2 protein chains.
Amino acid sequence: MSMGRPLAYDPEKALDAAMQVFWSRGYEATTLQDLLQAMGLSKSSFYQAFGGKKELFLRCIARYREKIGQGLIELLGNSGSAREFIERMLLNSAAEARRPNEARRGCLLMNTATECAQKDGDIAGEVSSGFDGLHALLCRAVRRGQEEGAITREVEAEALAGYLISSLGGIKTVVKSGADEQRVRDIVAVTLRALG
Amino acid sequence: MSMGRPLAYDPEKALDAAMQVFWSRGYEATTLQDLLQAMGLSKSSFYQAFGGKKELFLRCIARYREKIGQGLIELLGNSGSAREFIERMLLNSAAEARRPNEARRGCLLMNTATECAQKDGDIAGEVSSGFDGLHALLCRAVRRGQEEGAITREVEAEALAGYLISSLGGIKTVVKSGADEQRVRDIVAVTLRALG
DNA sequence: CCATTTCTGGACCAGAAGGTCCATAACTTC
DNA sequence: GAAGTTATGGACCTTCTGGTCCAGAAATGG
């Protein structure tokens with residue numbers, strides 16, 4: 001078995017670079033050129049390795065999903081309580097309002113849900129999986145919060161988790177619309193009221 | 001003063017048609033062809049009357065803003081109380097989850113905030129105006145709700161109005177991600193808890 | 001019925017889109 | 001070092017992009 005010519009680039013890094021581009025620019029607005037440049041490879045290598053724009057995008061979403069999951073688990077670990085974790089998660093989104101308008105990228109998953117989920121079934125599936133993963137994770141956090149007594153038991157954990165995802169999406173949208181940080185922090189404060 | 005050749009199309013209808021296309025497909029994914037076909041005019045008429053894709057888009061957003069404002073004012077008038085109005089507004093968004101995936105268009109304003117507000121200052125301005133208008137309208141509704149005793153006075157009306165916009169955006173996003181109606185109704189129920 | 005004004009169809013454009021192909025380069029194994 | 005395998009650069013292709021231009025059509029007032 002021969003190995004053939006070795007890759008001239010790092011597939012992992014290339015994928016990450018592509019993810020960043022899609023995240024910043026959105027799917028439609030991202031051109032092949034943008035991707036090739038950011039990934040540092042030539043057209044033929046691109047098609048050989050990733051198949052095409054859409055296939056690459058699907059892999060980027062999957063990767064983003066993993067990353068975001070890890071990030072949240074880490075945040076949960078670093079938080080003193082589940083309630084604190086939730087608060088910090090929302091405030092992190094609010095903090096994006098400190099950046100200049102062009103740097104407010106939001107969440108790749110939410111952006112994609114808004115931009116593409118209606119047009120392409122494959123992408124919709126990947127987005128849906130992402131939301132499900134997020135929901136499962138938040139469910140666990142909410143349950144812990146309920147056990148700790150910091151979150152109401154009047155509402156099912158599933159419903160509260162759904163509410164948190166929705167709130168997150170709303171906050172991202174408001175930030176993108178150009179709101180300043182204080183306004184978003186106010187929204188976070190009201191959002192937390194619903195947790196009882 | 002001579003009048004010249006009359007228009008072969010209805011400018012209002014053409015604008016509405018364009019708005020529908022942008023609403024369904026998003027800005028980037030909409031091509032000139034799509035627009036010309038939906039509007040029923042030729043390229044030269046298009047450029048003469050509307051200037052270009054982006055200029056038309058700005059006008060469509062402005063128009064959407066008006067329409068949505070009127071719609072909400074009407075809903076407010078048809079509602080027995082401000083609280084009921086808010087509830088109905090959120091449930092209307094939830095009801096979109098009854099439609100097939102491809103028909104979940106969301107809100108043009110929110111979609112545009114997500115897709116374009118980072119890339120183009122003019123569009124960002126239009127979006128921002130739209131959010132401000134919505135905020136002002138909801139502020140009034142919240143104040144009425146507070147006077148009626150159905151909404152907490154512990155939180156400023158401005159903050160609650162911001163929260164409602166955010167919630168609306170979140171719900172639209174969740175619907176786009178493919179959630180079923182019951183899940184969204186649960187989110188609405190939790191959302192309303194924060195109003196106290 | 002002519003001058004003027006305005007609108008319209010379609011030809012035309014340069015550039016960019018995503019994608020394919022192939023000759024060649026760079027490895028490994030024997 | 002030859003054979004086998006894989007990766008690369010770049011030429012090439014088709015289709016479509018948003019946009020311009022102009023000759024002529026359709027109305028007006030005089």
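These numbers come from a predicted model, not from an experiment. Below, read A as the first sequence line, B as the second, and so on, with proteins coming before strands; counting in each chain starts at 1.
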Practice task
Select from A/Pro6 and A/Lys54 the residue whose nearest nucleotide in DNA chain C is closer to the 5' end of that strand.
Solution key: A/Lys54
Look at [X] and [N] and indicate whether a side-chain polar atom (N or O) is within less than 4.0 Å of OP1 or OP2.
| X | N | answer |
| --- | --- | --- |
| B/Ser42 | C/dG9 | yes |
| B/Thr31 | D/dT17 | yes |
| B/Ser45 | C/dC7 | no |

Taking [atom1] from [X] and [atom2] from [N], how many angstroms apart are they, rounded to a whole number?
| X | N | atom1 | atom2 | answer |
| --- | --- | --- | --- | --- |
| B/Gln48 | D/dG19 | CD | P | 16 Å |
| B/Leu35 | D/dT17 | CG | C1' | 13 Å |
| B/Asp34 | D/dC16 | CG | P | 12 Å |
| A/Gln37 | C/dA16 | CD | C1' | 15 Å |
| B/Leu56 | D/dG19 | CG | P | 11 Å |
| A/Phe57 | C/dA17 | CZ | P | 17 Å |
| B/Tyr9 | C/dG9 | OH | C1' | 14 Å |
| A/Phe46 | C/dT20 | CZ | C1' | 14 Å |

Below 4.0 angstrom, N of the basic side chain to O of the carboxylate: do [X] and [Y] qualify?
| X | Y | result |
| --- | --- | --- |
| A/Arg193 | B/Glu154 | yes |
| A/Glu12 | A/Arg63 | yes |
| B/Arg98 | B/Asp180 | no |
| B/Arg143 | B/Glu158 | yes |

Handout entry: Given D/dG19, D/dC22, C/dC21, the nucleotide with the shortest approach to the side chain of A/Ser44
Key =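 Ranking D/dG19, D/dC22, C/dC21 by closest atom to the A/Ser44 side chain puts C/dC21 first.
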Handout entry: Minimum-distance nucleotide (side-chain atoms of A/Leu7 versus C/dC7, C/dC27, D/dT8)
Key =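 From the listed options, D/dT8 comes nearest.
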Practice task
Look at the rings of A/Trp23 and A/Tyr64 and say which category their plane angle falls in: under 30° parallel, 30 to 60° tilted, over 60° perpendicular.
Solution key: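 It falls in the perpendicular class, over 60°.
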Exercise for the section: Classify the nucleic acid contact of B/Leu32 as base, sugar-phosphate or nothing, counting any heavy atom under 4.0 Å across all strands shown. Expected result: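 The answer is base, as B/Leu32 lies within the cut-off (heavy atoms under 4.0 Å) of a base atom.
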Practice task
Indicate, yes or no, whether a donor-acceptor pair under 3.5 Å links the base of D/dG19 to the side chain of B/Lys43.
Solution key: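 Result: at least one qualifying N/O pair found.
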